[in-house]
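These numbers were taken from a predicted model, which means no experiment stands behind them.
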Amino acid sequence: MQNSILPIQKHKELLKLEYESQKEEFQRQTERMGIKRKVNRGVCWYPVEVGRNYYNSLNQLVVEIVQTEPNDIEHHFEYDRPVSFFHVTEEGELNYFEQTCRVSYVSDNKMVVSVPDIHTLVDLQKTEQLGIQLYFDETSFRIMFNTLDEVIKAKKNRLEDLRDLFAGLSHPQKHSLYPIRFPWLNMTQEKAVNEVLCAKDVAIVHGPPGTGKTTTLVEAIYETLRRETQVMVCAQSNTAVDWISEKLVDRGIPVLRIGNPTRVNDKMLSFTYERKFESHPDYPELWSIRKTIREIRSGNKKGIHQKISRLQERASEIEIRIKHTLFDEARVVACTLIGAANKLLVGQRFSTLFIDEAAQALEAACWVAIRRAHRVILAGDHQQLPPTVKCYEAMRQGLGRTLMERIVQNQPDVVTLLKIQYRMNEAIMRFSSEWFYKGMVESSAEVRNRSVLDFDTPMVWIDTSSEHIQQQYEEIQKENQEESVKDEDTEAQKDFVFQEQFVGENHGRINKQEAELTIKILEEYIKKIGRQRFIDERLDVGIISPYKVQTQYLRHLVKKNEFLKPLRESISINTVDGFQGQERDIILISLVRSNEEGQIGFLNDLRRMNVAMTRARMKLIIIGNAQTLSHHSFYKKLKEYIAMLSEQE
């Protein structure tokens, strides 16, 4: 057996573990979790009303669904996710519809859902106490399993060549081209674009935080299109696909977006296949034919089969013609990696595939798109957020190891590291550069000394294990007794003020004392800046915590805080994953973990900490128990580094 097949087979086995784990968890939640908890988790809307129904441009029967009791809860419904309807009986039991439907469009409190047939629609319209929830999505897993089987069986074709190449069994080839100058790019960005143009098989653009990866990738795509008719651009998420697509549209490149964006905006909506399909001059004729077919069928007349057959042939002919026109006009076909399995792309081949945010995608998902391409360009940073893997055992055995990481290890010559960052103060960037990038990332001159206040230390660690900070917290409690945290075990709290707590069945962590201190620190720092200056200069703040329950409590505290009331629009609070790709002038990180055993849970995943720290442009404030965290060498070094900065000031 060839060595290149073994890692693919191993990946498939681990993917099965992930699939079984997710399916089991979904079934457990469906059976045991009440409606209120489902709604609060953003996986269910109840109650809902059925609105108007119609056939969309792709001839799917769709129906509008509206929340009758809108709320501010962030939901997880998104385009093409499967959903299941249910109604609540008088006894409070949930009866689920047999048919699975799919989300066609979704906003904050309204969605459009495609239904399989008219009978399902009728059932929905006559059902009271109706609700809708996310259904376990087997489609993505089925696509990935089928793709991996195809990669394993590949023989004497391009797929086999790429499989062997990525495993390090053959050497990547390059064209011999004279380097092109791009005066608007820095030297490493220019080198990356030239490496992409020279690559016959594969190239990787490794972009650490703030180094202009998107700018470089857009330039590489633009230059590639001067040599090729059409390319494919993919990413793991709809959001990432839309982001790169918008940048390409800004360069005047015709983009065809397959699959609606998760959050449809006017700019990208006009580039989706569905909207372009509706705008085609032949569409009114097609719509008229489809309407006639539906009317004839509903009439139940005899001897009409031949007429319907002729109309269907005419409709298919027009559909194919419109499709060919849209693909012929597009220079870039953009979709998610799983979206590359869309039936619209059957038979389509691309000379070059660009995968953005490749370090966040499962290897199986990458292969779905790679099947359609001759050569592959990957862009991302494997020192930032990894793919989402929910099964601990699958993660432990390596499911989170991406194709990009494999290629970086097996073919290091195809990697170009972007080395100049344009986001952070030098002091904030330096620790990340030394720990994650061998000290090779440097700050550009214009951001090297950027700061909010003169003579301000760019990085600060507020150590909640220190006596000084514990006294400060006790003073905050005295100032505002009604907001203080009352713990049942008051004697334990005297010795260990900032104590983490378990929350919920998923072992979430919260540290309420640390959260209160975090908000107080932010308030004091804004007072130092001057609230009016903060507003006038449009400064912005990000508060990050690795734990979702901590972010929820932080939001609650900000809403209650009168001083921060006029500044709320400038304050974002989210998990590390929620801040990926973003940046703020001031970042506060609440690390939560505080225990005598030195247990830090998934703070062990240092890539998340790299993301959190590198969101800050000018000021980074870390709040955490140094005694707990310093059991790990990374946090020990980080604390020492920040102490050194303070001494230098």
Side-chain angles (χ1 to χ4, degrees), residues 11-48 65 67 71 73-104 106 111 113-117 120 123-124 127 129-149 236-237 262 336 338 341 362 364-365 387-397 399-400 502-508 547-549 575 577 602:
H11 186 72
K12 185 182 175 184
E13 289 170 11
L14 297 179
L15 192 63
K16 282 181 180 175
L17 276 181
E18 174 74 1
Y19 164 74
E20 288 161 3
S21 172
Q22 283 197 30
K23 189 170 185 178
E24 184 181 326
E25 174 65 14
F26 175 82
Q27 289 171 340
R28 187 181 64 80
Q29 288 186 3
T30 301
E31 290 167 6
R32 298 182 190 175
M33 196 181 292
I35 292 179
K36 190 172 180 181
R37 286 184 67 194
K38 289 178 185 177
V39 170
N40 289 337
R41 289 198 174 194
V43 299
C44 172
W45 285 0
Y46 177 82
V48 297
I65 303 296
Q67 285 193 84
N71 54 55
I73 296 168
E74 186 179 343
H75 65 74
H76 299 289
F77 292 96
E78 59 183 41
Y79 172 76
D80 209 36
R81 291 286 300 270
V83 290
S84 180
F85 286 96
F86 62 85
H87 80 272
V88 182
T89 65
E90 291 180 3
E91 293 78 25
E93 293 181 355
L94 273 60
N95 285 348
Y96 287 89
F97 283 55
E98 288 183 11
Q99 299 86 348
T100 304
C101 306
R102 286 196 172 269
V103 177
S104 180
V106 64
M111 73 173 86
V113 176
S114 62
V115 294
D117 51 50
T120 305
D123 289 342
L124 290 174
T127 301
Q129 302 298 314
L130 186 68
I132 184 172
Q133 76 170 57
L134 283 172
Y135 191 74
F136 180 66
D137 190 0
E138 296 202 1
T139 309
S140 297
F141 281 102
R142 189 170 64 249
I143 288 169
M144 289 190 284
F145 287 135
N146 291 340
T147 297
L148 291 177
D149 286 338
Q236 172 66 18
S237 68
T262 308
T336 61
I338 296 298
L362 289 173
T388 300
V389 176
K390 296 180 180 178
C391 174
Y392 172 77
E393 187 57 28
M395 189 68 175
R396 189 185 69 80
Q397 292 190 45
L399 183 60
F502 291 95
V503 177
E505 59 189 28
N506 292 327
H507 306 296
Y547 294 94
K548 188 174 183 180
V549 67
T575 59
D577 297 55
F602 64 69

Handout entry: Of V83, D137, V113, V115, the residue whose pairing with R102 passes side chain to side chain contact (heavy atoms under 4.5 Å, CB included)
Key = D137
Practice task
Can you see which heavy atom on L134 is nearest to which on R81, and at what distance?
Solution key: CD1-NH2, 3.6 Å
Fill in the blank from the handout: Between L399 and V389 the two heavy atoms that sit nearest each other are CD2-CG1, 3.9 Å
Problem - For F136, all residues meeting ring-ring contact (aromatic ring centres under 6.0 Å, His included), sequence neighbours excluded - result: Y19
Exercise for the section: Could you tell me the separation between the SG atom of C101 and the CG atom of L124, rounded to the nearest 0.5 Å? Expected result: 6.5 Å
Exercise for the section: Let me know which of Q133, Q129, Q67 forms a side-chain hydrogen bond (donor to acceptor under 3.5 Å, both in side chains) with Y46. Expected result: Q129
Practice task
Inspect the contact between E13 and K16 and indicate whether a charged nitrogen and a carboxylate oxygen are less than 4.0 angstrom apart.
Solution key: no
Practice task
Would you confirm whether the ring centroid of F86 sits within less than 6.0 angstrom of the ring centroid of Y135?
Solution key: no
Completion exercise
Looking only at heavy atoms, the pair that brings L15 and A364 closest together is CD2-CB, 4.0 Å
Handout entry: Modelled atom types, side-chain donor and acceptor of D123 and T120, under 3.5 Å
Key = no
Exercise for the section: State, with a plain yes or no, whether a side-chain heavy atom of M144 is found less than 4.5 Å away from one of I338. Expected result: yes
Problem - Approximate separation, where rounding is to 0.5 Å, of Q397 CD and E18 CD - result: 12.5 Å
Problem - ring-ring contact (aromatic ring centres under 6.0 Å, His included) involving Y392 - partner list, sequence neighbours excluded - result: none
